[in-house]
2 protein chains.
Amino acid sequence: MPSPLPTEAELSILQVLWQRGPSTVREAHQALETSRAVGYTTVLKLLQIMTEKGLVTRDTAQRAHVYEAAVGEDAVQQHLIHTLLDQAFGGSAKKLILQALSVKESTAEELDEIRALLDEIERRS
Amino acid sequence: MPSPLPTEAELSILQVLWQRGPSTVREAHQALETSRAVGYTTVLKLLQIMTEKGLVTRDTAQRAHVYEAAVGEDAVQQHLIHTLLDQAFGGSAKKLILQALSVKESTAEELDEIRALLDEIERRS
DNA sequence: GGGTATGTACGAAGTGTTTCGTAATTAATA
DNA sequence: TATTAATTACGAAACACTTCGTACATACCC
């Protein structure tokens with residue numbers, strides 16, 4: 001069964017796990033606190049909920065349980081984009097990309113990388 | 001004051017208004033019903049809430065009020081992308097674009113259009 | 001061993017979203 | 001004019017998300 005789309009708070013925790021790797025509640029809490037105020041038990045509760053949803057797994061061998069992301073960052077990003085594509089862009093990836101390019105300045109290097117990928121896609125087809 | 005980000009249900013209604021232009025509740029309801037089951041008063045209530053939020057305006061001159069989108073499709077799309085960029089892509093438009101390209105097949109024409117925009121951006125800078 | 005710190009579990013409140021039923025009002029029709 | 005149809009307004013239920021307080025269990029330290 002496919003993992004559900006993480007909520008906003010869940011996503012912020014996944015970001016930490018993707019960056020840090022397997023982490024205890026305390027570690028995740030400390031990492032999160034640098035960007036936003038959040039209580040320790042709030043993080044704990046979220047991780048428990050995310051375990052039920054299958055977004056993370058946990059190792060209960062030690063007293064302080066260790067949580068690990070059960071979904072990949074790429075998979076979640078693609079899921080999010082797919083949803084956004086359907087809900088707001090009529091399924092047109094082109095529109096989404098054009099908007100993304102206009103929203104945020106990209107460096108010349110980034111633009112080149114995008115162009116390179118375009119070339120590769122076209123070559124494959 | 002800036003318009004809030006529309007919720008999922010609100011976005012589905014905005015899509016209708018962007019496509020149809022100013023519409024009565026009945027018209028919006030009929031258009032929505034083709035894609036998902038939803039009650040008439042549900043659409044009405046949503047439009048009333050959206051009026052309070054400033055997402056739509058309404059003309060009450062006739063008995064059947066006429067609702068019109070008060071936010072542009074482009075503006076909402078950019079707002080959504082900006083939020084997604086922050087929440088799931090660490091602010092990197094490049095990453096988002098690369099993922100979007102891999103999520104959905106684009107036609108050669110679309111790829112060319114994207115490439116043209118890349119060129120234009122690079123020329124401007 | 002007794003007290004402090006650290007951890008998990010659980011319940012519940014607060015908020016926002018979505019949905020629709022019901023009542024009241026206005027227009028159309030027989 | 002009386003009935004029916006269409007419309008708006010309003011309240012509230014159902015659900016999900018987020019947050020945290022409290023209770024309880026476990027480890028550590030003097």
Side-chain angles (χ1 to χ4, degrees), chain A residues 3-17 22-33 35-68 76 79-80 83-84 86-88, chain B residues 2-17 22-33 35-68 71 76 79-80 83-84 86-88:
Chain A
S3 304
L5 212 52
T7 66
E8 191 173 330
E10 288 167 352
L11 193 52
S12 71
I13 289 186
L14 283 175
Q15 299 275 15
V16 168
L17 296 183
S23 308
T24 63
V25 177
R26 181 147 307 278
E27 291 165 341
H29 176 240
Q30 282 172 352
L32 268 175
E33 242 185 353
S35 47
R36 66 186 182 99
V38 61
Y40 174 88
T41 56
T42 301
V43 177
L44 168 63
K45 180 69 165 185
L46 273 170
L47 281 166
Q48 289 170 343
I49 291 170
M50 291 167 78
T51 303
E52 285 174 15
K53 290 189 183 177
L55 290 171
V56 300
T57 57
R58 74 171 158 185
D59 177 359
T60 61
Q62 304 303 117
R63 185 160 89 102
H65 301 173
V66 176
Y67 292 85
E68 181 173 5
V76 169
H79 195 170
L80 287 167
T83 302
L84 185 63
D86 284 349
Q87 286 176 358
Chain B
S3 304
L5 212 52
T7 66
E8 192 173 328
E10 287 167 353
L11 193 52
S12 70
I13 288 186
L14 282 175
Q15 298 275 17
V16 169
L17 296 183
S23 307
T24 63
V25 176
R26 181 148 307 276
E27 290 165 341
H29 175 241
Q30 281 173 353
L32 268 175
E33 241 185 354
S35 48
R36 66 185 181 99
V38 60
Y40 175 88
T41 58
T42 301
V43 177
L44 169 63
K45 179 69 165 184
L46 274 169
L47 282 166
Q48 288 170 344
I49 291 171
M50 292 167 78
T51 303
E52 283 174 18
K53 290 188 181 176
L55 290 170
V56 300
T57 57
R58 73 169 159 185
D59 176 358
T60 61
Q62 304 302 116
R63 183 159 92 103
H65 300 172
V66 176
Y67 291 84
E68 180 173 8
V71 289
V76 169
H79 196 171
L80 287 167
T83 302
L84 185 64
D86 284 349
Q87 286 175 358

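Sequence lines set the chain letters: A, B, ... in the order given, protein chains first and strands last, and positions in each chain run from 1.
- For residues 55-68 of chain B, the set of pairs meeting the salt bridge (Lys or Arg N to Asp or Glu O under 4.0 Å) definition, not counting sequence neighbours, is empty.
- Across every non-hydrogen atom of B/Val71 and B/Gly54, the tightest pair is CG1-O, 4.4 Å.
- B/Thr7 comes within 4.0 angstrom of sugar-phosphate atoms only, judged by non-hydrogen atoms across all strands, and of no base.
- Contact annotation: A/Lys53 side-chain N/O to D/dC17 OP1/OP2 distance is under 4.0 Å.
- For A/Thr42, a side-chain nitrogen or oxygen approaches OP1 or OP2 of D/dC20 to under 4.0 Å.
- In this structure, A/Met50 atom CE and D/dA16 atom C1' are separated by 16 Å, rounded to whole Å.
- Between the CG atom of B/Leu5 and the P atom of C/dG16 there is a distance of 15 Å, given to the nearest Å.
- The line from CE of B/Met50 to OG1 of B/Thr57 is 11.0 Å long, rounded to the nearest 0.5 Å.
- If you take NZ of A/Lys45 and P of C/dA12, they are 11 Å apart, rounded to a whole angstrom.
- Atom CD1 of A/Ile49 is separated from atom P of D/dT18 by 9 Å (rounded to the nearest Å).
- Going from atom CD of B/Gln62 over to atom C1' of D/dA6 covers 14 Å, rounded to whole Å.
- Here D/dC17 presents its C1' atom at 15 Å from CG of A/Leu47, a figure rounded to the nearest Å.
- The CG atom of B/Leu46 sits 11 Å away from the C1' atom of C/dC20 (whole-angstrom rounding).
- Rounding to the nearest 0.5 Å places CD of A/Gln48 at 5.0 Å from OH of A/Tyr67.
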Please list, pair by pair, any protein nitrogen or oxygen found under 3.5 Å from a nitrogen or oxygen in nucleotides 7-9 of chain D.
{"unit_1": "D/dT7", "atom_1": "OP2", "unit_2": "B/Arg26", "atom_2": "NE", "d": "2.3"}
{"unit_1": "D/dT7", "atom_1": "OP2", "unit_2": "B/Arg26", "atom_2": "NH2", "d": "3.0"}
{"unit_1": "D/dT8", "atom_1": "OP1", "unit_2": "B/His65", "atom_2": "N", "d": "2.8"}
{"unit_1": "D/dT8", "atom_1": "OP2", "unit_2": "B/Tyr40", "atom_2": "OH", "d": "3.1"}
{"unit_1": "D/dA9", "atom_1": "OP2", "unit_2": "B/Gln48", "atom_2": "NE2", "d": "3.1"}
{"unit_1": "D/dA9", "atom_1": "OP2", "unit_2": "B/Arg58", "atom_2": "NH1", "d": "3.0"}

Side-chain polar contacts of residues 6-17 of chain B - donor-acceptor pairs under 3.5 angstrom, sequence neighbours left out - could you list them?
{"unit_1": "B/Thr7", "atom_1": "OG1", "unit_2": "B/Glu10", "atom_2": "N", "d": "3.4"}
{"unit_1": "B/Thr7", "atom_1": "OG1", "unit_2": "B/Glu10", "atom_2": "OE1", "d": "3.4"}
{"unit_1": "B/Glu8", "atom_1": "OE1", "unit_2": "A/Gln87", "atom_2": "NE2", "d": "3.4"}
{"unit_1": "B/Glu8", "atom_1": "OE2", "unit_2": "A/Gln87", "atom_2": "NE2", "d": "3.1"}
{"unit_1": "B/Glu10", "atom_1": "OE1", "unit_2": "B/Thr7", "atom_2": "N", "d": "2.8"}
{"unit_1": "B/Glu10", "atom_1": "OE2", "unit_2": "B/Lys53", "atom_2": "NZ", "d": "2.7"}
{"unit_1": "B/Ser12", "atom_1": "OG", "unit_2": "B/Ala9", "atom_2": "O", "d": "2.6"}
{"unit_1": "B/Ser12", "atom_1": "OG", "unit_2": "B/Arg36", "atom_2": "NH2", "d": "3.2"}
{"unit_1": "B/Gln15", "atom_1": "NE2", "unit_2": "A/Gln87", "atom_2": "O", "d": "2.5"}

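- Screening B/Leu47, B/Val43, B/Ile49 for a side-chain contact (heavy atoms from CB on, under 4.5 Å) involving B/Lys45 leaves a single residue, B/Ile49.
- Not a single donor-acceptor pair under 3.5 Å links the side chain of B/His29 to the backbone N or O of B/Leu44.
- Taking atom CD1 of residue B/Ile13 and atom P of nucleotide C/dT18, one finds them 9 Å apart after rounding to whole Å.
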